[in-house]
Structure formats: C-alpha cells, structure tokens
Protein chains: 2
Amino acid sequence: MELQRFLPYQLVVLADAVSRSIAQVYAERFDLSRDEWRVLAALAKTGTMKSRDAALYATLDKMQVSRAVAGLERAGLLTRTIDPEDRRNRILELTASGRELLRKLVPMVEAREAFLLEALAPEERAQLQSMIGRLTERAQQLERHG
Amino acid sequence: MELQRFLPYQLVVLADAVSRSIAQVYAERFDLSRDEWRVLAALAKTGTMKSRDAALYATLDKMQVSRAVAGLERAGLLTRTIDPEDRRNRILELTASGRELLRKLVPMVEAREAFLLEALAPEERAQLQSMIGRLTERAQQLERHG
DNA sequence: TATTGTTATACTCTATAACTATA
DNA sequence: TATAGTTATAGAGTATAACAATA
C-alpha cells in the first residue's frame with residue numbers, strides 16, 4: 001500500500017485543492033457557502049428552476065437545497081414561490097441582484113478553471129472529461145453495492 | 001456557466017463518490033475516521049514514521065495528525081514514543097494489531113481501486129496519473145496566490 | 001401512501017489560536 | 001525565536017429523522 005499512488009487519495013487531494021481555490025472566489029469575495037454557490041450556478045443558465053431539479057442538477061440533497069435557498073433568499077439573490085401546478089414544489093428564480101452577482105462571479109471562477117486547464121493539451125481535456133465520467137459512474141456503483 | 005461541465009464541480013463529484021466508496025471500508029467495517037485511515041496508510045509501507053512526516057506524507061495538518069494518532073493509540077493500533085534525537089518529535093509505530101488490521105483492510109480498498117480502474121484502458125491510467133499531478137500542482141498555485 | 005420541502009437534533013469536522021516542551 | 005505537538009473553542013457542515021403540506 002502506497003498512499004501517494006492510491007487513486008482515491010490522489011483524487012481527493014486534487015479535488016480539495018481545486019475546491020479551495022474556487023471557494024476563495026465564492027466564499028471570500030461573495031460570502032457564499034459551497035451549497036449556495038452550487039444552487040446559484042444551477043440557476044445560472046435559465047435563471048429559474050424547481051428546488052427538486054436544483055438538487056438533482058447540483059448533486060445536493062433536499063435539505064442542503066432548502067438551507068442554501070433560505071440563505072440566498074435572505075440575501076436577496078433569488079425568490080422562492082409555490083408552483084401553482086403542484087403546490088408541493090418551490091420555483092426558484094434569480095433576482096436582478098442574483099444575476100448581477102453571477103455576472104461578476106462566473107468570469108472569475110471560469111478564469112480559475114481556464115488556468116487549471118492550461119496544464120492539459122486540448123486532446124487531454126477531452127480524454128479527462130471522458131475518464132471522469134466513467135470513473136464517477138463506477139464509483140457510484142461501488143457506493144450503492146456497499 | 002454550466003455546472004455539469006465545470007471541471008472543479010466534476011472533480012468534486014467524482015472525488016466525493018470515490019471517497020464514500022472507500023470510507024465504506026475503513027469507516028463502516030473498521031471504525032476508523034478518514035484521518036486515522038490516512039495515518040495508518042502512511043505507516044503501511046515501513047511501519048514507522050515521525051508525526052511530522054506522516055502529516056506531510058498524508059496531506060494532513062499537525063492537529064489532524066495529533067487527533068488521529070490519539071485515536072489510533074487508544075485503539076491499540078500504534079504506539080507513540082518520544083524521539084531521543086529531538087525530544088519534540090513523536091515516533092509512530094504500528095503495533096501487531098495495527099499491522100493485522102492493515103493486512104485485512106488494504107486488500108479491500110485496493111480491490112475497490114481496481115474496480116474503478118477497470119473503467120480505464122492501461123494507457124489511460126498513466127495519462128490520468130500524469131494529468132492529476134499537473135492539475136494538483138496548478139490548483140495549489142491558485143490557492144497560494146489567492 | 002408517496003413526494004416536496006422544512007425544521008430539529010446530535011454529531012463530526014474545521015479553522016484558529018493559545019499553549020507546552022523542546023531546540 | 002522557531003518548531004513539534006497538544007488542547008480549547010467556536011463555527012460550519014453532515015446525517016438522520018420527524019414533521020407539515022400536498023398529491
């Protein structure tokens with residue numbers, strides 16, 4: 001057993017370092033928790049989404065979304081309204097201030113992602129995407145079968 | 001901004017799934033915390049190491065090592081003695097029971113790693129290693145420069 | 001009965017720093 | 001003064017489950 005060559009360890013060390021470097025932007029500069037940032041990012045494309053879909057899209061559970069949404073609503077970054085078609089659902093929608101925050105934040109995190117990707121040749125980026133997808137699939141299989 | 005295509009997000013989702021699948025072994029079956037498992041794994045090769053080196057080798061800080069070592073000592077898995085050459089250091093050493101635990105645990109986590117690696121062709125494994133190394137280096141650069 | 005979302009609780013982790021001892 | 005390690009503390013995050021509203 002050599003910890004340094006153990007893939008799960010290497011992945012965690014990498015993901016932790018990458019996470020911290022992204023958190024420097026959303027946490028330190030914009031005072032968001034990781035889950036709040038993920039919910040905002042989930043909303044970035046369309047500006048609106050049901051809570052349940054935000055959970056699926058951002059790999060969060062319903063409790064994490066509920067708390068993140070409460071924080072984002074308090075900060076005036078989104079609104080939460082009851083879905084008239086199924087009153088159990090909540091429809092989340094970015095406010096002008098939420099969109100404005102994303103306009104500032106997104107380029108900053110994308111610049112960090114671009115800096116990371118400079119470590120890879122273009123064809124390597126596609127290979128990495130593909131490998132991450134396959135590995136994630138298998139890790140989830142392992143998790144499920146205990 | 002598309003969260004699903006954002007490399008930091010993909011890496012965290014992958015590392016979390018992989019971590020949980022490995023934790024099922026060391027936490028559920030052997031009642032170890034993540035940091036305890038890392039310290040044990042650091043000791044796996046030689047059986048002995050200074051606390052400070054364990055921290056460097058396992059990417060933990062001195063406080064995490066101190067707590068993990070206290071737990072492992074309580075469980076009888078290692079001993080902690082003062083280094084006669086520099087009495088500030090602690091020398092960690094696996095007990096027979098610690099070695100025995102690793103003899104059972106290591107093949108189980110390695111089997112899980114092998115299952116993950118089946119998702120990749122042999123040449124992809126080498127490419128992934130190389131990419132992880134380069135990305136980790138750059139992520140640490142980002143972290144340091146805020 | 002099942003699903004969506006909220007709230008409560010206890011537990012664990014984390015970050016920071018103060019502190020001891022040794023050098 | 002600097003380093004290795006320990007302890008204290010508060011804050012954040014996590015997991016579980018109970019709960020309310022709706023379907």
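So that the names make sense, note that chain A is the first sequence line, chain B the second, and so on, each numbered from 1.
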Asker: Strictly below 4.0 Å, N to O, side chains only: are B:E137 and B:R134 in salt-bridge contact?
Answerer: no
Asker: So which heavy atom on A:M1 is nearest to which on B:A44, and how close?
Answerer: CB-CB, 3.9 Å
Asker: Using the six-membered ring of B:F115, assess whether NZ or CZ of A:R138 lies under 6.0 Å from its centre and within 45 degrees of the ring axis.
Answerer: yes
Asker: Which residues, if any, of residues 82-92 of chain A bring a heavy atom under 4.0 Å of DNA chain D?
Answerer: A:D86, A:R87, A:R88
Asker: Which word best sums up how the rings of A:F6 and B:W37 line up, parallel for under 30°, tilted for 30 to 60°, or perpendicular for over 60°?
Answerer: perpendicular
Asker: Could you give the OH-to-P distance, from A:Y26 to D:dG13, as a whole number of Å?
Answerer: 9 Å
Asker: If you measure from the Lys or Arg side-chain nitrogens to the Asp or Glu carboxylate oxygens, is any gap between B:R5 and A:E113 under 4.0 Å?
Answerer: no
Asker: How long is the span from the CD atom in A:E93 to the CG atom in A:L77, to the nearest 0.5 Å?
Answerer: 13.5 Å
Asker: Please figure out whether A:R20 or A:R80 has its closest DNA chain C nucleotide nearer the 5' end.
Answerer: A:R80
Asker: Kindly state which residues belonging to residues 50-79 of chain B come within less than 4.0 angstrom of DNA chain D, counting heavy atoms of the residue only, listed by number.
Answerer: B:S51, B:R52, B:K62, B:M63, B:S66, B:R67
Asker: Would A:R38 pass as a cation-pi partner of B:Y9, given that its NZ or CZ must be under 6.0 Å from the six-membered ring centre and within 45 degrees of the axis?
Answerer: no
Asker: If I take atom CG from residue B:L14 and atom CD1 from residue A:I132, how far apart are they, to the nearest 0.5 angstrom?
Answerer: 6.5 Å
Asker: Could you state the CG-C1' distance from A:D35 to D:dG13, rounded to the nearest angstrom?
Answerer: 8 Å
